[in-house]
Amino acid sequence: MHGVAAPRCGPFASTSATDMRVLTLAGGTGAAKLIRGLATCMPQRDLTVIGNTGDDTEVWGLRVSPDLDTVMYALAGMLDVERGWGLAGETFNCLAAMATHGADTWFNLGDRDLATHLTRTRALDDGQSLATVTARLAGNLGVAACILPMSDEPVRTMIRIPGGRLTFQEYFVREKALVEVVGVDYEGAATARPAPGVIEAIRTADVIVVCPSNPVTSVGPILAVPGIVEALRSTAAPVVGVSPIVGGAAVSGPAAALMRVRGLAVSPLGVAAAYAPWLRRLLIDERDQACAPELARAGVEADPADIIMTTRAHETALARRILELSAERRAR
Ligand code: FO1
């Protein structure tokens, strides 16, 4: 059997009348910080996360969903905050043993993290959907928020380099994002369907937050699933983003290089262009205030804020600011 009973995980299934139902579009580390901040300002049960699965990979025959797990561990209070992925206090004995047996060990799977991947792999092999096993894993860790994969079907972010292609994890972890990139594809996206609950969550949210994640490799795959952009265009909820770009550079990771490849400016303007025409507001760093008039011309209201989350207090303050702005808009 599967341990703890499967939790509810439908969009906003138990929302109280007074609380805002917040939906987030999320990649990995940057998203996890903001979502952790949101969870300090509101009941987790009113929070739904649509997670990127373009980074998903197979390691030693195990199915790994890094972005879903990063958000899940963050909401469970178990994330390794320094690394931004995996479990706090983790050990890597199995990894060392696998190296002895000649296995690839560039992707660091921790000993306790393995339990997540073993459980997921067994469930998927038994014919369960990714959404079902994600809900069960999250429930087992005491997470009350609803974490939905963008799709139950495989979508893989492929990085085109001169003379070949890499999976996202080969590019990001094995090659440390140091290779030249000539293009990014979302393999499988054209025929993928949104996971159950995704479209309904977009339709019924009071506010939708696009986390400060990489627009090309974290949010891009979510938007590539047919039906999701249409739902974002037609939802009544305000869609608020947080810029992952500050002062012409990515807050973390290879977003700048990948945005250039896509022809997007490495600035809040490029972020807004990636999310046009449905993004309504964008929280930007004070250093980027000069972008505000052009953002306004593009139909995006700019809100200067302290968007770099280096402490838990920053995460909470940014989350609170987003909720306040959204509540103001609802009251208008
Ligand atoms: N990131 C790394 O930089 N190195 C790793 O070895 C690594 C292992 C890993 C294992 C499980 C997991 O859930 C995430 C892991 N990550 C690792 C993070 C992951 O590569 C990225 O943060 C995301 O895919 C980008 O959002």
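Everything numeric here is computed off the predicted structure, so don't read it as measured data. Just so you know, these numbers use all the heavy atoms, side chains as well, and skip hydrogens, waters and symmetry mates. In listed order, ligands and their atoms are each counted from 1.
Each of the atoms 12 (C), 13 (O), 14 (C), 24 (O) of ligand 1 lies under 4.0 Å from some heavy atom of Pro66. Of all atoms in ligand 1, numbered sequentially from 1 with element shown, those under 4.0 Å from a heavy atom of Asp67 are 23 (C), 24 (O), 25 (C), 26 (O). Using a 4.0 Å cut-off to heavy atoms of Trp106, the atoms of ligand 1 that qualify are 6 (O). Less than 4.0 angstrom separates some heavy atom of Gly28 from each of these atoms of ligand 1: 26 (O).
Contacts between Asp55 and ligand 1, counted as non-hydrogen atom pairs separated by less than 4.0 Å, involve the side chain only. Within the 4.0 Å heavy-atom criterion, the part of Asp113 lying near ligand 1 is the side chain and not the backbone. When non-hydrogen atoms are compared, ligand 1 lies under 4.0 Å from the side chain of Phe172 (C-beta onward) but not from its backbone. When non-hydrogen atoms are compared, ligand 1 lies under 4.0 Å from the side chain of Gln169 (C-beta onward) but not from its backbone. Under 4.0 Å from ligand 1, not a single heavy atom of Thr217 appears.
With Asp285 contributing its side chain and Arg287 its backbone, the two residues share a donor-acceptor pair below 3.5 Å. Between the side chain of Lys33 and the backbone N or O of Glu315, no donor-acceptor pair lies under 3.5 Å. In this structure a side-chain-to-backbone donor-acceptor pair under 3.5 Å is present from Trp60 to Asp104. Using modelled atom types, no side-chain atom of Ser65 and backbone atom of Leu68 make a donor-acceptor pair closer than 3.5 Å.
For Phe172, the ring-ring contact (aromatic ring centres under 6.0 Å, His included) partners two or more places apart in sequence, or in a different chain, are Phe168.
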With salt bridge (charged side-chain N to carboxylate O under 4.0 Å, His left out) as the test, would you mind laying out the steps for Arg63 and Asp56 before giving the verdict? CA-CA 7 Å; Arg63 310 277 287 270; Asp56 287 14; over 6 Å; no

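Residue pairs satisfying the ring-ring contact (aromatic ring centres under 6.0 Å, His included) criterion with at least one member in residues 207-252, sequence neighbours excluded, are absent.
Nearest residue to atom 6 (O) of ligand 1 from Thr116, Asn108, Leu87 is Asn108 (criterion: closest heavy atom).
Nearest protein heavy-atom neighbour of atom 5 (C) of ligand 1: Trp85 CZ2, 3.4 Å. Distance from atom 4 (N) of ligand 1 to its nearest protein heavy atom, with residue and atom name: Val173 CG1, 3.4 Å.
Taking a cutoff of 4.0 Å between a charged side-chain nitrogen and a carboxylate oxygen, Glu301 and Arg280 do not qualify as a salt bridge.
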